[in-house]
Amino acid sequence: MLVTNEANTQARTQLPPQYAPADVESRRYAQWVADGRFAASDDSDKPPYTIVIPPPNVTGQLHLGHALDHTIIDALTRRARMRGYEALWMPGMDHAGISTQNVVERQLAEQGLSRHDLGREAFVERVWEWKSEYGGKILGQMRRLGDAVDWDRERFTMDEGLSRAVQTIFKRLYDDGLIYRAERIINWCPRCMTALSDIEVEHSDDDGELVSVRYGEGDNSIVVATTRAETMLGDTAVAVHPDDERYRHMVGTDVELPLTGRRIPIIADEHVDPEFGTGAVKVTPAHDPNDFEIGQRHDLPSLLIMDEHATITAHGPFQGLDRFEARPAIVAALRAEGRIVAEKRPYVHAVGHCERCKTTVEPRLSKQWFVKVESLAKAAGDAVRGGEVRIHPPEQEKRYFGWVDNLMDWCISRQLWWGHRIPIWYGPDGDTVCVGPGETAPEGYTQDPDVLDTWFSSALWPFSTLGWPERTEALEKFYPTAVLSTGYDIIFFWVTRMMMFGIYATGQPPFADVVLHGLIRDENGKKMSKSAGNGIDPIDLMDVYGSDALRFFLARSSTPGGDLVVNEEWVAGSRNFCNKLWNATRFAMMSGATLDGPLPTELSTIDRWILSRLSRTISEVDAQYATFEFAKATDAIYHFAWDEVCDWYLELAKPVLAAGGEAAAGTRRVLGHVLDSLLRLLHPVTPYVTEELWLALTGGEAAGDSIMVAEWPTAEASAIDTGAERTVAALQNLVTEIRRFRSDQGLKPGQRVATRLSGLDAAGLAEHESLVRSLARLDAPAADFAATARLAVTDQVTAELDTRGTIDVGAERARLDKALSAARKELDGTERKLGNESFLAKAPAEVVDKIRERKAAAESDIARVLAQLESLPPA
RNA sequence: GGUCGAUUAGCUCAGCGGGAGAGCACUCGCUUCACACGCGAGGGGUCACUGGUUCGAUCCCAGUAUCGACCACCA
């Protein structure tokens, strides 16, 4: 309902001159929730548009990466809703196995307790308590950001339904032979006491020491180099390259392993690099992934010499030492025996660290559960290759294929207590059963103690959250989802796995479009992270500048796949834009802008111009959204709003509105329409300020209306008016040129200048003379007009200014000389091109035409400038 | 070590075969009746380097240098 009566007009002018986000945001968000604006309905007739949130860790806090991601998702969802879709943004959180367990363990440690003191059940209970007390802080922060998520559908990866989904797919994979148990070298964190997947290991170049050790005696000896002397206790061979002449005669013999009394064989293996070190490698199959491979190829035994704490278990003087204590102890013992051939030297090499606690990872042979990914990964790759799933920007496909085409089997077991427990039970005779949902294990069986990798449940997120494996109405309505938006850094962690499990479980890829954005960097270009201490807290930015300002900045900076630098000044700039919008609307309302009735059919050139520009802007925005070019979409709105609406249309409208009459009535209606459309276009990105202004403009507050359910603007082809665009462009050129002259001449803005304008007719500006005078601050000539400068300000228009001798002729002449030489240079360039026969023969016709136009323009510039020079009074 | 990407105005980035752009910063002038979180007018770049392809290269190709991201088991 639109209210435009006098009293309401009075009320609307009460908008303060500055936008104060804090007053608006919490009030609006609460109202949206209360009105159920975010809720999606399972039985709606509208087509679905679904996005699932990348579930933040339950331990997590909102950082700028989330803010970017959420701005994108929220804008897509809000826009879809305005376009008539049943839009659903699914919220929820991830239980974040290791992270959460660590947080609670640290809490226990403060009380001098370990998780083992509590026991498994009590510990898990403790984690749930932690979750309800401290977890999900980020959910509150999302409200601040304005996220239009359907709160009634919030899910957690550990809740009952999702746990059933996990068990269901595990059982299905197991029955299909896609889950197996094997003894492998895995990354072991001796502090977290669990296996880590490859991606939970961070590598850094660490300082180490390379020592050379002689194995064997006399002629029957061989020197190996190592940075990890302590692992020699587990050596079961020495390997050399098969083509290495130095050692060929020794292959097949054996040597004595120092300190142990064992003899180990010398073998030949292609893996060995003869150029490195001495060309001979000690082989420790139980504590090194490469060595394990070599061991497999040569059927070597694997000797575990450390326990899960990385303490030496091998019998002898080193038993009970930590691995880092054992290393120097063993080197010392070797030196005592004269085994150290070359002194140790510094050596920088890549060492793995636990992503969560930074402890040096110990490769360790152990029994783990794996998903056989080959067939799953192939299907995931084919879905993108076949175009069922599109990745934006397309360049990022390479990264995706790089993963799915080279995927190794996925180690899914974790020796943690917090997570989905593996539904495998072992019988008294060592037999194994996989227990599906609703089933119970046979009497006397015990369950595997391990839990699943956190990403196992995340991989089900797009459908488990909608009720899978039940065929719920929500699943039917909202799956598959429309878009997945996330940073390119987690393609492997999450995207590939959702693709694999989604296709496997439901037969359909879980989303149609994958939108990948970049990482947030600080002012020095470094990736922003808590550990680097260079993080900017988005909450702080929102406190100062408002949520809309942060969102607008992020949207305007987000190029597909591109990283993004955050600088507070730019957020301030976005705040300024919100304020500009605020004041433009405020002005419109004070000027009596209205939305009542249809747009008049008879409109002034100026009104037709802005409607034409509006329509073009809408088309542009739609086109950019279609390819997820948020920066370009947002930028188009920014320039339309600021450069065209504020800088020109409002200024042009002022004299018209002041004059009143029929023209003013038309302009008031157009002004209302333009502001209304502009606010709608902006709403997905800046929800708060647009809601506040739109309700004020339309008077829809009382009727319980909301811009959230207003229709997305439509580009009207019939509104395109190239004639009006040409006329206004000419007007802008003329006004700008006169302003430039005034500025160059140091004429004060308040100083009115009497002028005679001629040639307006030829420029199509005859009817706009008063507008030109108003914007350029020109007076009509007075009775005693005395022209002191004649200026050909555009091709057609000449202005005679009565400046009473204030003109600085020298300065103007210098400027014109400069313009003249620029125009001549341009003319030279175009003439040279047009004189080149190869160019004429080979260049496309449109390019040649364009050059001809440029030549003509240069010629006319020259003529104009010459005329101006001629018209200058003598210095 | 491998892969991919980047190198354009002081800063951060768009553009990606035919006239070098934006925001911020900077200079000058403005208490112009929506907004100084503002208005008007300006200055500023041999588009990293070297070759090649082309009638024409910031844009395509090759190499060099520097930076970055991701991945990684060379003892």
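Values below: all heavy atoms of this structure, side chains included; hydrogens, waters and symmetry mates excluded. A, B, ... follow the sequence lines: proteins, then strands. Residue 1 opens every chain. Bear in mind the structure is a predicted one, so any value in this text is a computation, not a measurement.
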List in numerical order all residues of residues 569-581 of chain A for which some heavy atom is under 4.0 Å away from an atom belonging to RNA chain B.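 Heavy-atom contacts with RNA chain B come from A:Glu569, A:Trp570, A:Arg575, A:Asn576, A:Asn579, A:Lys580.
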Heavy atoms under 4.0 Å is the rule here; annotate nucleotides 15-21 of chain B 5' to 3' with B where the base is hit, S where only the sugar-phosphate is, and - elsewhere. S--BB--
Side-chain donor-acceptor pair present, A:Asp269, A:His241, cut-off under 3.5 Å: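 Looking only at side-chain atoms, A:His241 and A:Asp269 do not form any donor-acceptor pair under 3.5 Å.
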A:Lys654-A:Ser591 side chain donor-acceptor pair, cut-off 3.5 Å: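 A:Ser591 and A:Lys654 do not have a side-chain donor-acceptor pair below 3.5 Å.
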Output the single nucleotide from [options] whose closest atom is nearest the side chain of [X].
| X | options | answer |
| --- | --- | --- |
| A:Met590 | B:A41, B:G23, B:A34 | B:A34 |
| A:Ser838 | B:C35, B:C55, B:A75 | B:C55 |
| A:Asp744 | B:A34, B:A41, B:G23 | B:A41 |

The dot-bracket string of RNA chain B, counting Watson-Crick and G-U wobble pairs with both distances under 3.5 Å, using [ ] for crossing pairs and | for pairs to another strand, is ((((((((.[[[[.)..(..]]]].(((((.......))))).....[[[[[..)....]]]]])))))))....
Below 3.5 Å, does any donor atom in the side chain of A:Glu651 face an acceptor in the base of B:A34, or the other way round?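 When only heavy-atom distances are counted, A:Glu651 does reach the base of B:A34 through a donor-acceptor pair under 3.5 Å.
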Map A:Thr736 and A:Lys282 onto RNA chain B by nearest heavy atom, then report which one ends up closer to the 5' terminus.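 The residue mapped nearer the 5' terminus is A:Thr736.
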When the nearest nucleotide of RNA chain B is assigned to A:Lys818 and to A:Thr278 on a heavy-atom basis, which residue is associated with the more 5' position?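 Comparing both residues, the 5'-ward one is A:Lys818.
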Can you give me the N/O atom pairs linking the protein to nucleotides 28-32 of chain B at distances under 3.5 Å, or say none if there are none?
from, atom 1, to, atom 2, distance (Å)
B:G29, O3', A:Lys748, NZ, 3.1
B:C30, OP1, A:Lys748, NZ, 2.9
B:U32, O4', A:Arg777, NH2, 3.4

Measure the shortest side-chain to side-chain distance between A:Trp188 and A:Pro363 over non-hydrogen atoms and say whether it is less than 4.5 angstrom.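 Of all side-chain heavy-atom pairs linking A:Pro363 with A:Trp188, none is under 4.5 Å.
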Identify the pairs formed between an N or O of the protein and an N or O of nucleotides 4-8 of chain B at a distance under 3.5 Å, and give each distance.
from, atom 1, to, atom 2, distance (Å)
B:G5, OP1, A:Lys398, NZ, 2.8

List in chain and number order the residues that pass side-chain contact (heavy atoms from CB on, under 4.5 Å) with A:Thr830, two or more places apart in sequence or in another chain; answer none if no residue qualifies.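 Checked A:Thr830 against side-chain contact (heavy atoms from CB on, under 4.5 Å); matches are A:Glu826, A:Leu827, A:Ile851, A:Arg854, A:Lys855.
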Taking any heavy-atom pair under 4.0 Å as a contact, classify A:Asp635: base, sugar-phosphate, or nothing.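 If one applies the 4.0 Å heavy-atom cut-off, A:Asp635 turns out to touch nothing in the nucleic acid.
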Using a cut-off of 4.0 Å on non-hydrogen atoms, how would the nucleic acid contact of A:Asp288 be classed: base, sugar-phosphate, or nothing?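 Result for A:Asp288 = nothing.
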Would you mind reading off the distance between A:Asn567 atom CG and B:A25 atom C1', rounded to a whole angstrom?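 Rounded to whole Å, this separation is 10 Å.
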Atom pair distance, as rounded to whole Å: CZ in A:Phe553 and P in B:C11: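 Atom CZ in A:Phe553 sits about 18 Å away from atom P in B:C11.
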Salt bridge (Lys or Arg N to Asp or Glu O under 4.0 Å), that's the test. Do A:Glu737 and A:Arg815 meet it? Break it down for me. CA-CA 13 Å; A:Glu737 187 63 15; A:Arg815 194 195 68 85; 3.7 Å; yes
